[in-house]
Amino acid sequence: MSQARRITYTSTAADPEFRAHFDRALEEVRERAPIVLGGNVGEGPVEGRPEHRVVSPIDTRRVVAEVATATPGEVESAVGFAHSAFPRWRALSWARRAEIVRDAAERIAARNLELAAWMVYEVGKTRLEAMAEVEESADLLRYYAERLAMNHGYRRPLARMSPEETTESVLLPYGVWAVVSPFNFPSALAAGMIAGALLGGNTVVFKPALDAPVSGELLCEALWAAGVPRDALQLVHGSGASVGEALLADERIAGVAFTGSSEVGMRIVRGAREGASGPRPVVVEMGGKNACLVTAKADLEAAAEGVARSAFGFGGQKCSACSRVYVERSVAREFLERLLARTRATTVGDPATGDPALGPLIRHSAVESYRRYVAGIASSGGEIACGGTVLDQGDLAHGFYVAPTIAHLPDAEHPYFADEMFLPILLFQEVEDLAEGIARANAVPYGLTAGLFSTDEREKEYFLERIEAGVIYVNRRSGATTGAWPGINPFGGWKASGAPGPAALGPDYLLNFLREQSRTVNGFGA
Ligand code: UN1
């Protein structure tokens with residue numbers, strides 16, 4: 001059943017009808033779990049027993065999926081199938097490929113509650129965040145298909161040297177792309193990269209995060225059902241270290257699209273660019289340490305809401321999360337009080353049974369990392385203004401729950417200011433003025449997103465011209481640094497956050513997956 005009022009990342013509350021529908025979807029999913037998954041190599045799942053169990057971060061006694069991971073031989077076969085499928089898939093008209101991808105979008109939209117319910121169990125998102133992500137996935141497919149159509153499949157007549165000659169620029173696919181996606185947006189980030197590759201006529205071998213294989217399979221199901229041949233979209237499960245590496249090592253892989261940590265992304269950039277037949281295109285979207293600046297001229301209530309939503313939404317497990325806030329001294333105290341009030345009121349709990357603002361972290365190691373950072377802040381003379389505790393009592397004992405945390409470090413140069421934690425830990429810092437805030441915001445290797453709260457036109461201008469980030473927002477109450485949407489907020493990192501190239505969610509994203517051929521044809525054969 002699909003939802004009448006569409007949910008996006010700006011939605012704040014669910015109406016009772018949505019809750020009731022979602023409850024039913026959760027119940028159905030609970031009955032079907034654990035789902036057995038084997039990816040798809042050739043026409044069917046990989047051989048072998050499902051040896052990898054995906055447990056829900058909400059309650060680890062609940063097994064969400066049993067997954068058969070691909071062996072190196074199966075990865076090789078998957079690449080082989082996608083390689084053989086390439087000539088047929090690229091030979092389809094661009095209009096047909098766009099039609100198939102649009103159809104997949106409608107299939108995703110038609111099953112939105114079911115897909116979102118699986119995602120709640122699989123990665124622990126809240127209902128609203130999961131639903132928004134499913135809607136974003138459908139919109140991504142629609143938007144990229146529309147961009148292909150608006151550009152007429154990227155064939156453009158050019159000027160001619162002589163009347164007998166016709167000249168054209170044609171953008172063409174490369175071949176097989178490896179698409180590797182992370183757990184935190186297991187549907188949308190995969191949908192974007194896969195659609196980018198497929199629409200241009202490339203084929204794909206897709207490896208979803210091992211923490212989130214269900215969302216990956218459901219996405220592929222929609223694409224296959226819409227008419228993407230199974231061999232043109234192969235699906236292999238496994239870890240980055242085994243399956244990911246095997247994929248990248250295969251010389252028939254013509255391009256790599258990766259979203260995930262900077263550590264892995266940079267390894268891919270270094271290692272994968274050199275392909276068997278020349279440089280390989282590599283599209284990488286990596287980490288962030290995103291700052292928000294709040295000046296004395298800000299609407300402090302809007303700022304507190306925007307920062308809290310971006311810092312703590314999905315437990316800070318977004319590359320776009322706000323993890324540093326720099327506040328002008330004269331309003332620092334008042335802003336902090338408002339932010340603390342909001343943060344203390346943030347409900348943490350099981351998103352499948354209730355409607356908390358925050359669910360669990362993805363896995364045990366994230367909780368361990370949270371403990372280490374909290375201890376590190378204390379041992380550096382820092383102060384935990386709120387949070388800092390692991391929530392493992394009562395109903396929360398079987399999941400990975402932690403309290404949203406605001407911390408202050410006396411040393412403004414502390415390495416934590418440049419360390420992507422992927423946790424609900426926000427570092428709070430006073431600054432003299434906007435100039436100092438921008439200097440601090442820019443003083444990290446990353447440059448993904450950034451935010452400003454100020455009502456002053458000159459300050460806005462000053463910020464827009466100096467901030468070093470690919471995605472910037474001013475006065476965004478619904479999310480100071482997060483919540484990019486297809487066709488609205490192109491999403492690409494600067495500096496260590498991404499590779500140069502047209503941004504995801506933006507009008508030119510498909511260009512990443514295409515190479516140009518210039519065609520000059522002389523009518524008289526001369
Ligand atoms: C990511 O955080 O990994 O802006 C990507 C957002 C999302 C994209 C985030 N649409 O929050």
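Start at 1 and go down the list; that is how both ligands and their atoms are numbered. Residue numbers run from 1 in the order of the sequence given.
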From Thr482, Thr481, Thr449, residue fulfilling side chain to side chain donor-acceptor pair (under 3.5 Å) relative to Asn290: Thr449
When you compare ligand 1 with [X], is there at least one nitrogen or oxygen pair between them that comes in under 3.5 angstrom?
X	value
Tyr473	no
Asn184	yes
Leu189	no

Stepwise salt bridge (Lys or Arg N to Asp or Glu O under 4.0 Å) test for Glu106 and Arg142: CA-CA 9 Å; Glu106 297 325 308; Arg142 295 184 188 114; 2.9 Å; yes
When you look for heavy atoms under 4.0 Å from ligand 1, do you find them on the side chain of [X], its backbone, both, or neither?
X	result
Thr259	neither
Val471	neither
Glu285	neither

Lys289 charged N/C atom sitting above Tyr446 aromatic ring, 6.0 Å / 45°: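 No; the conditions do not both hold, so Lys289 does not lie above the ring face of Tyr446.
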Could you list which atoms of ligand 1 come closer than 4.0 Å to a heavy atom of [X]?
X	result
Tyr9	10 (N)
Gly483	4 (O), 6 (C), 11 (O)
Lys318	2 (O)

is_close_aromatic(Tyr174, Phe513), centroid dist under 6.0 Å: no
Option with minimal heavy-atom separation from atom 10 (N) of ligand 1, where the choices are Ala484, Gly479, Gly313: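 The option holding the nearest heavy atom is Ala484.
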Geometric class of the Tyr509/Tyr144 ring pair [parallel <30°, tilted 30-60°, perpendicular >60°]: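 Parallel, since the angle between the ring planes stays under 30°.
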Heavy-atom nearest neighbour in the protein, as seen from atom 2 (O) of ligand 1, with distance rounded to 0.1 Å: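 Heavy-atom neighbour on the protein nearest atom 2 (O) of ligand 1: Cys319 N, 2.8 Å.
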Minimum-distance protein heavy atom relative to atom 7 (C) of ligand 1: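 Sorting protein heavy atoms by distance from atom 7 (C) of ligand 1 puts Phe185 CZ, 3.9 Å first.
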Quick one: does [X] get a heavy atom under 4.0 Å from ligand 1?
X	value
Trp485	no
Thr481	no
Glu133	no

I want to check something: taking the side chain as every heavy atom from C-beta on, are [X] and [Y] in contact at a cut-off of under 4.5 Å?
X	Y	value
Val471	Tyr473	yes
Leu409	Ile377	yes
His21	Met131	no
Glu122	Phe183	no

Minimal non-hydrogen separation, Leu452 against Glu459, with atom names: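 Scanning both residues, the minimum pair turns out to be CD2-O, 4.0 Å.
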